[in-house]
Amino acid sequence: MLTKKQHELICFIHDRLAETGVSPSFEEMKDALELKSKSGVHRLISALEERGFLRRLPNRARALEVVKMPERIEAAQRQPSADQAQPAKRALPQPANDVIEIPLHGRIAAGMPIEAFEGSSSLPVPAALLGAGEHFALEVAGDSMVEAGIFDGDYALIRRTETARDGEIVVALIDDNEATLKYFRREGAMVRLDPANRSYDPQRYSPAQVRVQGKLAGLLRRYD
């Protein structure tokens with residue numbers, strides 16, 4: 001499920017590529033969406049990349065590829081002229097609009113560990129973001145996973161599991177009391193929980209201190 005601005009941007013990029021074969025500039029995207037700065041464009045593009053709608057092509061300036069398109073619900077509002085209207089060259093995949101409620105277990109530290117699973121409510125999530133298995137959500141607190149694209153205030157969608165492979169992002173419960181979101185690695189006889197921020201140090205524990213509660217399956221992010 002895309003926000004209105006994300007939807008407008010993917011459609012603008014798609015139309016420009018179809019017309020000229022060249023991605024619009026960030027300045028053109030900013031003006032088209034009536035944004036105040038190009039930083040807003042960067043955030044929207046990153047969100048569309050995370051959701052699999054856009055791909056940046058390496059080693060090429062202004063190179064964006066539209067991987068898939070959402071439903072063009074805004075087509076009637078844009079009211080293209082007859083000269084601009086063109087038949088679709090191919091059928092575009094339709095988004096899954098089913099929304100399911102999963103448990104929301106409060107905030108989890110992406111920095112130092114905090115008390116595990118504060119509070120409990122529910123979060124509506126597009127079913128297309130979840131695979132098989134049982135899931136729950138945690139609101140991210142802290143900035144230690146920013147280099148993995150996980151920011152303070154994001155909602156981490158977690159698939160329940162008690163096992164993990166090296167390099168996977170997990171919810172780790174420490175001493176049955178504190179939970180944290182980190183990369184999971186084994187280091188000799190120890191378990192190492194790695195941040196994705198150079199300002200933070202890895203955390204090392206004995207295997208008896210750490211229980212994997214789940215693995216990261218997806219993210220939800222709100223944009224103002």
Side-chain angles (χ1 to χ4, degrees), residues 1-3 6 43 46-53 68 70 94-186 190-197 200 202-224:
M1 183 179 298
L2 300 182
T3 66
Q6 290 168 4
R43 288 194 296 270
S46 295
L48 289 167
E49 280 189 288
E50 291 174 5
R51 287 158 175 77
F53 287 91
K68 62 181 179 180
Q94 297 299 310
N97 293 320
D98 294 338
V99 174
I100 61 176
E101 299 270 346
I102 63 174
L104 173 61
H105 292 304
R107 290 170 68 81
I108 184 171
M112 295 302 294
I114 58 175
E115 186 178 353
F117 304 157
E118 298 173 343
S120 182
S121 56
S122 62
L123 181 72
V125 177
L129 294 182
L130 304 175
E134 183 183 357
H135 293 78
F136 61 93
L138 294 165
E139 185 179 359
V140 175
D143 62 356
S144 79
M145 295 300 288
V146 294
E147 291 171 18
I150 303 171
F151 298 96
D152 184 79
D154 286 352
Y155 291 97
L157 309 180
I158 308 298
R159 181 171 66 84
R160 289 189 186 274
T161 181
E162 296 180 355
T163 62
R165 293 177 293 183
D166 278 14
E168 292 183 319
I169 297 176
V170 305
V171 173
L173 188 62
I174 301 167
D175 294 329
D176 288 326
N177 182 52
E178 298 172 326
T180 189
L181 186 70
K182 292 289 183 294
Y183 284 109
F184 176 89
R185 302 189 192 280
R186 294 176 179 87
M190 304 293 286
V191 170
R192 194 179 81 218
L193 301 178
D194 286 346
N197 184 330
Y200 291 82
Q203 303 162 14
R204 291 174 174 84
Y205 302 94
S206 70
Q209 290 180 278
V210 179
R211 286 198 298 127
V212 173
Q213 299 288 281
K215 295 191 292 189
L216 183 68
L219 286 172
L220 282 178
R221 179 173 301 156
R222 288 199 176 108
Y223 289 88
D224 294 332

Report the distance from atom CG of Leu193 to atom CG of Leu181, rounding to the nearest 0.5 Å. 10.0 Å
With rounding to the nearest 0.5 Å, note down the distance linking CG in Leu216 to CZ in Phe184. 15.0 Å
Using distance only, find each side-chain donor-acceptor pair of residues 134-141 under 3.5 Å and give its atom names and separation, not counting sequence neighbours.
unit_1: Glu134; atom_1: OE2; unit_2: Arg160; atom_2: NE; d: 3.0
unit_1: His135; atom_1: ND1; unit_2: Gly133; atom_2: O; d: 3.2
unit_1: Glu139; atom_1: OE2; unit_2: Arg107; atom_2: NH1; d: 3.0

Give the minimum heavy-atom separation between Arg159 and Ala132, together with the two atoms involved. CD-O, 3.2 Å
Of all residues at least two apart in sequence or in a different chain, which pass the salt bridge (charged side-chain N to carboxylate O under 4.0 Å, His left out) check with Arg185? Asp194
Show me, pair by pair, the donor-acceptor contacts under 3.5 angstrom made by side chains of residues 147-154, not counting sequence neighbours?
unit_1: Glu147; atom_1: OE2; unit_2: Arg198; atom_2: N; d: 3.2
unit_1: Asp152; atom_1: OD1; unit_2: Gly142; atom_2: N; d: 2.7
unit_1: Asp154; atom_1: OD1; unit_2: Arg221; atom_2: NE; d: 2.8
unit_1: Asp154; atom_1: OD2; unit_2: Phe151; atom_2: N; d: 2.8
unit_1: Asp154; atom_1: OD2; unit_2: Arg221; atom_2: NE; d: 3.3
unit_1: Asp154; atom_1: OD2; unit_2: Arg221; atom_2: NH2; d: 2.7

Any side-chain heavy atom of Gln203 sitting closer than 4.5 Å to one from Thr180? yes
All side chain to side chain donor-acceptor pair (under 3.5 Å) counterparts of Tyr155, not counting sequence neighbours: Arg222
Determine all donor-acceptor pairs shorter than 3.5 Å in which one atom belongs to a side chain in residues 165-175; sequence neighbours excluded.
unit_1: Asp166; atom_1: OD1; unit_2: Arg186; atom_2: N; d: 3.2
unit_1: Asp166; atom_1: OD1; unit_2: Arg186; atom_2: NH1; d: 3.3
unit_1: Glu168; atom_1: OE1; unit_2: Arg165; atom_2: N; d: 2.8
unit_1: Glu168; atom_1: OE2; unit_2: Lys215; atom_2: NZ; d: 3.3
unit_1: Asp175; atom_1: OD1; unit_2: Gln209; atom_2: NE2; d: 3.4

Roughly how far, to the nearest 0.5 Å, is the CE atom of Met145 from the CG atom of Leu219? 9.5 Å
What closest approach, in Å, do Asn197 and Asp143 show between heavy atoms, and which atom pair accounts for it? ND2-O, 2.9 Å
Partners of Arg43 by salt bridge (charged side-chain N to carboxylate O under 4.0 Å, His left out), sequence neighbours excluded? none
